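I have placed the structure first, in the form of structure tokens, so that the comments after it can refer back to it.
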Protein chains: 2
Amino acid sequence: MPTVKDVARRAGVSVATVSRVLNNSNRVSDKTRQKVLKAIEELGFKPNLLARNFRKDKSNLILVILPTVANVYFARVVKGIEDAARKRGYGILLCTTGNSPEIACEYLKLIERKQVDGAIIASARIDSETIFDLDQKKIVQACEFYPFLDTSCVLIDHKKAFFEIVDYLIKKGKKNILCAIGNEGIPSEEERKEGYRQALEENGLEFSEENVIRCRYGWADIYERLKVLICSGKYDAIACSSDLMAVGAIKAAKESLLKIPDEFAVTGFDNIMISRIYEPSITTVAQPMYEIGEKAAEILIDSLENPDGFSKQKIILPHEIKTRESA
Amino acid sequence: MPTVKDVARRAGVSVATVSRVLNNSNRVSDKTRQKVLKAIEELGFKPNLLARNFRKDKSNLILVILPTVANVYFARVVKGIEDAARKRGYGILLCTTGNSPEIACEYLKLIERKQVDGAIIASARIDSETIFDLDQKKIVQACEFYPFLDTSCVLIDHKKAFFEIVDYLIKKGKKNILCAIGNEGIPSEEERKEGYRQALEENGLEFSEENVIRCRYGWADIYERLKVLICSGKYDAIACSSDLMAVGAIKAAKESLLKIPDEFAVTGFDNIMISRIYEPSITTVAQPMYEIGEKAAEILIDSLENPDGFSKQKIILPHEIKTRESA
DNA sequence: CTGTTAGCGCTTTCAC
DNA sequence: GTGAAAGCGCTAACAG
């Protein structure tokens, strides 16, 4: 494989000149440039990025940490990141943690080791114990914000979103509303629960911890739990923290022969494809997933390329309630 | 940021020794090793991977090219690749092409430029015009095999899979079976069509090109097309090339008030979550997506680390028919 | 077992 | 506008 040296020799110039041509420096005469380009062409020279990156002390890679890619929600975020990154000349190193903070932490070490220039933590679980001293300029949190990691972030207002959807249920006449949210320790889930509480209280309904069901994101867990609860006949709606949960809730309600949404209303969260396709289609909250990824990549790269101008940002993007058949 | 030089000075040894400790060479006395480790600890030294990779002429990265990550099918493949890669000390550079052969081609150049050691093309569309001279040892095709790119590959037997599912429909008494497959030019789709043809012929049914519907993978396209076709009352089943297509077909059949599967049976392909959750649940073909990714990564890395022992492999993994309510 | 040293391929001063 | 030369941090002969 030819190197700059070979190109220089063939073009009858110095390696410095070759390098200038490679980097589009304008301090090269047109004639020389042509000679060099010709030599590159003839030799089939390809710049060795390993060498270039080493020399420039820059990998042009950003690490993307997320729980899983087997989830359309994250897939969109990744796409947003990828597109924005590519526009700026960066590639993305993907790593999924399965929500293990240890794996996330392990991967974050790649920053100091210079394998990557920076990282976007997209909703992946991290914890204050495993996290070590990190350069906040080189990390952006997306979708989720863990305050003990003092970085910029891009996400929606989860409390407000959940408030709105529960408020919507109440305006529809629902009075005994359950809330199904993810396990504890995840900031956005606590925000959502708070939104639920506020919506009830502002409408003069009583909040009770008993009506908050902690469960997994999939449909099976809430399905089982709700099958039991629903028998009591006490409830007329449930606000779920994911669309899959909503599917589970609907399955349970259907089995109990409840009419949806009249006898029992269900809402989801995320607006994944299933929420449109499922029957009944599911009222849910759409997060601007692509835009979250895009924005996260943009502010990360800005900060990477201009660390002196760094200022920590908290960017709240707008969400949207999608009303459909289930509520 | 301290370098090996700093560590060497502090530990009172040479840089070579530091390097040996870093690389777990056993040619270091225990006492020296401890001294070095202590110095590393005290200085908070982190090896610069940019330098190491440059020196070793190896990025320890593999490129993963796929059409989109917003598809659970590919997501599983990616996870298989990621897990296998991590076990061997590799990271994955993700790139989605949106099925543009040009973008795929552009990314493949990263191999020659040494940004990555090799690549897995997972079902991403490529074409013989844009593809340039590639080192076949450094590429593995997964899920899909384009013969003009003469590399190893890992996939299922698409023809056999489709044969089996159509044969299953026939054994269930269906006689006028449609086939919905993706657009032309994709090898696996042509294989599937061939499987459809063979199943009909081996069962004494007539194959007609008219009964092959070319459409997009999503549910909307086939839904529209089938709504018209179904009115004729001529058909009693459809074998689809994706689960989303099957959803579209079922929606159309339901609207025409056909009983599924008695009056109209539908099969899908891929066994994505929707096929289990949807009502009716969908009979489909499960591809071992995770295993395809895993195996692809393994044989790629084997070939990368032992290029002399290279032998091109075509690995066919077993699929599985999942019979459910729709057929 | 350990140290000395060359050099990976490229970019970037610094002269001219 | 161009060239000479230093050097990024690390590894790997080679010598001892």
Side-chain angles (χ1 to χ4, degrees), chain A residues 1-40 43-61 89 109-117 305, chain B residues 1-40 43-61 89 109-117 305:
Chain A
M1 186 107 291
T3 70
V4 279
K5 223 167 160 180
D6 300 313
V7 175
R9 196 177 306 123
R10 176 143 194 143
V13 300
S14 73
V15 292
T17 301
V18 175
S19 176
R20 285 186 191 107
V21 172
L22 253 22
N23 292 279
N24 294 313
S25 159
N26 45 14
R27 305 180 166 285
V28 180
S29 76
D30 230 34
K31 206 176 126 214
T32 311
R33 183 183 303 275
Q34 293 312 323
K35 276 196 300 188
V36 172
L37 258 17
K38 186 156 163 277
I40 288 175
L43 291 171
F45 167 83
K46 322 272 178 196
N48 180 331
L49 296 182
L50 242 27
R52 174 181 292 175
N53 291 343
F54 165 53
R55 182 53 234 253
K56 293 199 168 175
D57 198 31
K58 193 148 187 354
S59 64
N60 281 303
L61 250 31
K109 291 185 181 153
L110 293 179
I111 298 177
E112 304 183 299
R113 300 183 177 190
K114 313 226 178 190
Q115 173 94 303
V116 298
D117 293 337
E305 300 193 338
Chain B
M1 187 106 292
T3 71
V4 278
K5 224 167 159 178
D6 300 314
V7 175
R9 195 177 308 121
R10 176 142 195 145
V13 300
S14 73
V15 291
T17 300
V18 175
S19 176
R20 285 186 192 105
V21 172
L22 252 23
N23 292 279
N24 294 312
S25 158
N26 44 15
R27 305 181 166 285
V28 181
S29 75
D30 230 34
K31 204 175 130 216
T32 311
R33 183 182 303 275
Q34 293 313 323
K35 274 197 300 189
V36 172
L37 259 16
K38 184 155 166 277
I40 287 175
L43 291 170
F45 166 84
K46 321 274 178 195
N48 180 332
L49 296 182
L50 241 27
R52 175 181 292 174
N53 291 343
F54 165 53
R55 182 53 232 253
K56 293 199 168 179
D57 197 31
K58 191 145 186 0
S59 64
N60 281 306
L61 251 32
K109 291 185 180 152
L110 293 179
I111 298 177
E112 304 184 298
R113 299 183 178 188
K114 313 227 180 190
Q115 174 93 300
V116 298
D117 293 336
E305 301 194 336

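None of these values were measured; they are calculated from a predicted model. Residue numbers begin at 1 in each chain, while the letters A, B, ... track the order of the sequences.
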Student check: side-chain heavy atoms of [X] and [Y] closer than 4.5 Å:
{"X": "B/Thr32", "Y": "B/Val21", "answer": "no"}
{"X": "B/Thr17", "Y": "B/Lys35", "answer": "no"}
{"X": "B/Leu61", "Y": "A/Leu61", "answer": "yes"}
{"X": "B/Val15", "Y": "B/Thr3", "answer": "no"}
{"X": "A/Arg20", "Y": "A/Val13", "answer": "no"}

For atom [atom1] of [X] and atom [atom2] of [N], their distance in whole Å:
{"X": "A/Asp6", "N": "C/dC8", "atom1": "CG", "atom2": "P", "value": "11 Å"}
{"X": "A/Asn53", "N": "D/dG7", "atom1": "CG", "atom2": "P", "value": "22 Å"}
{"X": "A/Lys58", "N": "C/dT11", "atom1": "NZ", "atom2": "P", "value": "14 Å"}
{"X": "B/Leu50", "N": "D/dC8", "atom1": "CG", "atom2": "C1'", "value": "10 Å"}
{"X": "B/Gln34", "N": "C/dC1", "atom1": "CD", "atom2": "P", "value": "14 Å"}
{"X": "A/Arg27", "N": "D/dG3", "atom1": "CZ", "atom2": "P", "value": "15 Å"}
{"X": "A/Arg113", "N": "D/dG9", "atom1": "CZ", "atom2": "C1'", "value": "15 Å"}
{"X": "B/Asp57", "N": "C/dG9", "atom1": "CG", "atom2": "P", "value": "7 Å"}

Close N/O contacts between protein and nucleotides 4-6 of chain C (under 3.5 Å):
none

**Contact nearer the 5' end of DNA chain D, comparing A/Arg33 with B/Met1** =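 Nearest-nucleotide comparison on DNA chain D picks A/Arg33.
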If you check the [X] side chain, which of [options] turns out closest?
{"X": "B/Lys56", "options": "D/dA12, C/dG9, C/dT11", "value": "D/dA12"}
{"X": "A/Phe54", "options": "C/dT2, D/dC10, D/dG9", "value": "D/dG9"}
{"X": "A/Arg52", "options": "C/dG9, C/dT11, D/dT11", "value": "C/dT11"}

**Asked** By salt bridge (Lys or Arg N to Asp or Glu O under 4.0 Å), which residues pair with A/Arg10, not counting sequence neighbours?
**Response**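 Counting only residues at least two positions away or on another chain, A/Arg10 forms a salt bridge (Lys or Arg N to Asp or Glu O under 4.0 Å) with A/Glu42.
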Heavy atoms only, 4.0 Å cut-off, all strands: where does [X] land among base, sugar-phosphate and nothing?
{"X": "B/Asn23", "result": "sugar-phosphate"}
{"X": "A/Val13", "result": "sugar-phosphate"}
{"X": "A/Ser19", "result": "base"}

**Item:** Under-4.0 Å side-chain N/O to phosphate OP1/OP2 contact, B/Thr32 with C/dC1
**Value:**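 Negative; the distance criterion is not met.
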**Message:** How close do A/Leu43 and A/Pro2 get, counting heavy atoms only, and between which atoms?
**Reply:**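 For A/Leu43 versus A/Pro2, the nearest heavy atoms are O-CG, 3.5 Å.
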